[in-house]
Each structure stands twice: as C-alpha cells, then as structure tokens.
S.K.: 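Take this structure, written in structure tokens, and hold onto it; I'll ask about it next.
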Amino acid sequence: MLLDEAGVTLVPYQLMKDRGWAVDLDELQRDLKTAKGRCVPRAIYISNPGNPTGHVQDWKSIEEVIQFAAAERLLLLVDEAYQDSVFGPEKEFISYKRVLFGMEKEYSETVELISFHSISSACMGECGLRAGYMELVNMDPEVRDFFDTILDTDISTPVTGQLALDLMVNPPKPGDPSYDTYTQEILIIRATLSQNAQLAQKFLNDLPGMSCQPVMGGIYLYPHLCLPCEITERAKILGIEADVLYGQALLEAEGVLLGTGCQYGETTGNHHLRLSILVPPDTLEDVLARLGSFHRRLMDTFSHCDRGVKDRDTGENTVMQLVALCGEGQIFN
C-alpha cells in the first residue's frame with residue numbers, strides 16, 4: 001500500500017520452496033531483467049529471517065545478494081525484525097551489515113544498506129509493543145539529512161514502545177538485578193517457538209492436501225494448500241483467490257483467523273496460509289484442532305472432485321456444500 005501511495009512499481013521475485021524458501025540469485029537476475037522493460041529498479045527488499053517463510057540465510061547467500069545489489073546499483077532494504085527468533089538446528093542469524101563489512105572495500109564502502117529491526121517481533125514485544133529502528137550504511141549525507149527530517153516530523157512512537165526498544169538494544173547484563181529473570185523469559189519464549197514449530201509442522205504435514213516446509217526462524221509457518229477443484233472454481237466465480245475463500249470459511253466455521261498467500265504476492269493458483277506460532281502451547285493446540293477438523297471435513301466433502309469446470313456455470317452445488325459445511329453467513333450468500 002505504501003508503494004502504491006508513492007507511485008512505486010513493485011517487482012515480485014519468487015523464493016525457492018523446494019530449498020526451504022531460499023533466495024535464488026538466478027531468479028533475482030531473471031526478474032530484474034524482465035522488470036527493466038517497464039520500470040527502472042532502484043532497490044531490493046529482503047526479509048531475513050523470512051516473513052512468513054521462516055528461512056534463515058547463510059553467509060554465502062547474503063554475500064551473493066550484496067554482490068547482486070552492487071552490480072545492479074540497487075539500494076539494499078533488509079528487514080531483520082525476526083533476528084532474535086532463530087531456532088532451526090545449527091542455524092544462526094547473520095546480519096547483512098556483518099557480511100558487508102567483512103567483504104572487500106569495493107563492497108563494504110559503497111553498497112548502500114538500510115536494515116530494519118522491530119520491538120514487536122517475537123521475543124521482546126511479542127506483536128504487542130510497537131517501536132523500531134533502521135540503520136543507514138554508506139548513505140549519502142544529503143539523503144541521511146532527508147531521513148532525519150522526515151523522522152523528526154512524521155513519527156510518533158508510543159513511550160512504552162520506546163522503553164522496550166531501549167531494553168532490546170541494551171539488555172540486562174550479568175550481575176544486574178533483572179538479568180536472571182530476563183534471560184529465563186527469553187529462553188522460555190524461544191523454546192516455546194521451537195516446540196510449537198515442530199508440533200505444528202508435523203500436524204500440518206499429516207493433513208491431506210497440505211504441506212509445510214521446515215522452519216528455521218521467525219514466528220510463522222507457511223503451509224501450502226492443494227485444494228479440491230470445486231473450491232478453486234467457486235473462488236474464481238467470486239473473484240477471489242482460493243486460499244482467501246478457505247480462510248474466510250475457516251473463520252466463519254471455527255473462529256480461527258489465518259493469513260493467506262496472496263498477501264505476499266503469491267501467483268494465482270499457488271495457495272498458502274500463514275499461521276502464527278508465537279502463542280502459548282495450549283492455544284496452538286486448540287487452533288490446530290479446529291483447523292484440522294475444518295480441513296478434514298472440507299477435503300472429505302470434495303474428495304469426489306472429478307468434474308473439472310462443469311460446475312462453474314452455476315456453482316450451486318459447491319455453494320450449498322460449503323454452506324452446509326461451514327454454516328450460513330455473509331461469506332457465501
């Protein structure tokens with residue numbers, strides 16, 4: 001929405017799902033080449049750890065992206081908000097700034113980088129407190145002055161968020177009165193995230209028509225949906241993506257609200273859900289039970305799907321089955 005307001009063209013690039021949602025250099029180059037026919041690319045946006053995919057880049061991957069940005073003269077915008085929530089086996093968060101400053105001067109002193117961090121992500125603010133910061137590296141002084149002017153006049157962060165942000169960047173040290181309590185709470189949150197991720201991933205992979213890649217960090221799972229053709233055809237008639245229709249029906253039937261893949265530029269026919277795992281274990285178990293019950297009823301109802309698009313003309317059969325399955329309401333009226 002911000003890009004639309006600013007009149008900026010978005011050029012999506014696809015991540016490699018079969019490699020755990022990794023960033024692929026060939027894909028970046030291919031999409032950039034295609035974009036140059038209709039716009040002039042100025043910046044590249046990277047989320048590391050990935051939101052909502054949970055992928056964590058290694059040193060080599062980050063180095064490749066930096067070299068790509070340098071070769072194409074692109075500003076690097078790096079969202080590192082989930083850096084404190086890495087729990088994958090033998091995985092660690094590596095900042096783009098750390099890799100950049102470890103490279104030759106032709107990169108370390110020239111590549112323009114803006115990195116973002118937020119209090120609201122995971123261990124500290126847990127999506128409640130709101131505050132964040134960005135760090136500008138190798139930025140032209142006049143551009144930096146412009147940033148300072150905008151931020152001084154157009155930003156008003158809640159005081160509680162500012163206090164929490166100060167705690168995040170200056171945490172208690174050994175010997176401080178609150179150090180033990182702080183450390184224990186952070187460890188509990190990270191352990192809960194890891195356990196929730198393993199539990200939910202196994203549960204989702206056991207559901208028919210659903211698959212989920214292993215998660216390395218962040219606070220979401222991003223399972224893939226393979227929906228019966230009646231659902232996808234009904235979604236076409238309604239003019240929405242099938243995962244959106246699925247999410248609306250799930251909300252109406254079970255009171256569970258999930259994000260959908262179309263929020264993240266997913267291509268048509270490629271359907272995903274976004275499930276938060278930063279919740280108490282008993283809450284997650286309740287959510288999974290409701291999701292599983294709804295999903296199995298849905299798949300059982302449409303397991304006979306073999307008519308292709310023959311129902312598309314009226315959609316009556318599909319509508320009545322969905323209403324019977326999910327309960328009457330505004331969504332399918």
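Only this structure's heavy atoms are used, side chains among them; waters, hydrogens and symmetry mates stay out.
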S.K.: Could you tell me whether Asp300 and Arg296 make a salt bridge, using a distance below 4.0 angstrom between a side-chain N and a carboxylate O?
M.R.: no

S.K.: If you round to the nearest 0.5 Å, how far is CD1 of Ile186 from OG1 of Thr181?
M.R.: 11.5 Å

S.K.: Got more than 12 heavy atoms from elsewhere within 6.0 Å of CD, Glu5?
M.R.: no

S.K.: Do the rings of Phe294 and Tyr246 sit parallel, tilted or perpendicular, given the 30° and 60° boundaries?
M.R.: perpendicular

S.K.: I'd like to know whether Asp84 forms a side-chain contact (heavy atoms from CB on, under 4.5 Å) with Arg190, so could you lay out the CA-CA distance, the side-chain angles of the two residues, the decisive distance to 0.1 Å, and finally the verdict.
M.R.: CA-CA 9 Å; Asp84 297 323; Arg190 286 179 177 164; 3.9 Å; yes

S.K.: Using a 4.5 Å cut-off on heavy atoms from C-beta on, say whether the side chain of Asn270 contacts that of Lys17.
M.R.: yes

S.K.: Would you say Asn196 and Pro281 make side-chain contact, with heavy atoms under 4.5 Å?
M.R.: yes

S.K.: Would you mind reporting whether Leu250 and Arg290 have side-chain heavy atoms less than 4.5 Å apart?
M.R.: no

S.K.: Count I, L, V, M, F, W, Y as connected when their side-chain heavy atoms are under 4.5 Å apart, and connections chain through other members. Are Tyr82 and Leu221 then in the same cluster?
M.R.: yes

S.K.: Which value, rounded to the nearest 0.5 Å, describes the distance between Gln29 atom CD and Glu27 atom CD?
M.R.: 10.5 Å

S.K.: For Gln83 and Glu80, indicate whether the former's side chain and the latter's backbone hold a donor-acceptor pair under 3.5 Å.
M.R.: yes

S.K.: At what distance, to the nearest 0.5 angstrom, does CG of Leu257 lie from CD of Gln248?
M.R.: 10.5 Å

S.K.: Between Asn205 (side chain) and Cys212 (backbone), is there a donor-acceptor pair under 3.5 Å?
M.R.: yes

S.K.: Using 4.0 Å as the upper bound for N to carboxylate O, is an ion pair formed by Asp206 and Lys202?
M.R.: yes

S.K.: Carefully, step by step, assess Tyr220 and Asn51 under the rule side chain to side chain donor-acceptor pair (under 3.5 Å).
M.R.: CA-CA 7 Å; Tyr220 300 108; Asn51 175 15; 5.1 Å; no

S.K.: Take Ile46 and Ile44 through the test side-chain contact (heavy atoms from CB on, under 4.5 Å) and record every step on the way to the result.
M.R.: CA-CA 7 Å; Ile46 297 282; Ile44 177 172; 4.1 Å; yes

S.K.: For residues Trp59 and Leu113: do they belong to one hydrophobic cluster (side chain heavy atoms under 4.5 Å, members Ile, Leu, Val, Met, Phe, Trp, Tyr)?
M.R.: yes

S.K.: Regarding Gln198 and Ser194, is there a side-chain donor-to-acceptor distance under 3.5 Å anywhere?
M.R.: yes

S.K.: Is Leu32 reachable from Val8 through a run of I, L, V, M, F, W or Y residues, each pair having side-chain heavy atoms under 4.5 Å apart?
M.R.: no

S.K.: Any heavy-atom pair between the side chains of Leu225 and His272 that's under 4.5 Å?
M.R.: no

S.K.: So which atom in Asp31 and which in Gln14 form the shortest heavy-atom distance, rounded to 0.1 Å?
M.R.: OD2-N, 3.8 Å

S.K.: Would Leu165 and His117 count as a side-chain contact (heavy atoms from CB on, under 4.5 Å) if you check the C-alpha gap in whole Å, the side-chain angles of each, and the deciding distance to 0.1 Å?
M.R.: CA-CA 10 Å; Leu165 186 64; His117 197 8; over 6 Å; no

S.K.: Using atom types as modelled and distance alone, determine if a side-chain donor or acceptor of Thr110 lies under 3.5 Å from a backbone N or O of Glu106.
M.R.: yes

S.K.: Kindly compute the distance separating CD1 (Ile231) from CE (Met299), expressed to the nearest 0.5 Å.
M.R.: 9.0 Å

S.K.: Is any side-chain heavy atom of Glu112 closer than 4.5 Å to a side-chain heavy atom of Leu76?
M.R.: no

S.K.: So, for Glu254 and Arg297, which heavy atoms are closest and what is the spacing to 0.1 Å?
M.R.: OE2-NH1, 3.2 Å

S.K.: Could you tell me if Tyr96 and Gln57 have a donor-acceptor pair between their side chains, going purely by distance under 3.5 Å?
M.R.: yes

S.K.: Taking Leu275 as the starting point, is it possible to reach Leu227 by hopping between hydrophobic residues whose side chains are less than 4.5 Å apart?
M.R.: yes

S.K.: Measuring only between side-chain heavy atoms, which start at C-beta, is Met210 closer than 4.5 Å to Leu273?
M.R.: yes

S.K.: Centres of the His224 and Trp21 rings: under 6.0 Å?
M.R.: no

S.K.: Would you call Glu63-Lys60 a salt bridge at under 4.0 Å N-O?
M.R.: no

S.K.: Under 6.0 Å from the CZ atom of Arg19, do we count more than 12 heavy atoms belonging to anything else shown?
M.R.: yes

S.K.: Is Val11 linked to Leu15 within one hydrophobic cluster, defined over Ile, Leu, Val, Met, Phe, Trp and Tyr using a side-chain heavy-atom separation of less than 4.5 Å?
M.R.: no

S.K.: Is the shortest heavy-atom distance from the side chain of Leu245 to the side chain of Thr232 under 4.5 Å?
M.R.: no

S.K.: For the residue pair Val86 and Pro49, what are the closest heavy atoms and their distance?
M.R.: CG2-CG, 3.9 Å

S.K.: Where do Phe93 and Asn48 come nearest, in terms of heavy atoms and distance?
M.R.: CE1-O, 3.6 Å

S.K.: When you measure from the side chain of Asp176 to the backbone of Tyr179, do you find a donor-acceptor pair of N or O atoms at a distance under 3.5 Å?
M.R.: no

S.K.: Going from CZ on Arg144 to CG on Asn138, what distance comes out if it is rounded to the nearest 0.5 angstrom?
M.R.: 9.0 Å

S.K.: When you check the gap from the basic side-chain N to the acidic O, do Glu230 and Arg234 get nearer than 4.0 Å?
M.R.: no

S.K.: Walk me through whether Leu258 and Leu291 qualify under side-chain contact (heavy atoms from CB on, under 4.5 Å).
M.R.: CA-CA 10 Å; Leu258 299 182; Leu291 171 61; 4.2 Å; yes

S.K.: Which heavy atom of Ser120 sits nearest to which heavy atom of Arg130, and what is that distance?
M.R.: OG-NH1, 3.2 Å

S.K.: Could you tell me whether the side chain of Met103 reaches within less than 4.5 Å of the side chain of Ile66, counting heavy atoms only?
M.R.: yes

S.K.: In a check of side-chain contact (heavy atoms from CB on, under 4.5 Å) between Val65 and each of Val23, Val78, Leu74, Leu25, which one passes?
M.R.: Val23

S.K.: Is it the case that atom CZ in Phe146 sees more than 12 heavy atoms from other parts of the structure closer than 6.0 Å?
M.R.: no

S.K.: Going from OH on Tyr45 to CG on Leu3, what distance comes out if it is rounded to the nearest 0.5 angstrom?
M.R.: 10.5 Å

S.K.: If you look at every heavy atom in Ala200 and Leu288, which pair is closest and at what distance?
M.R.: CA-CD1, 3.9 Å

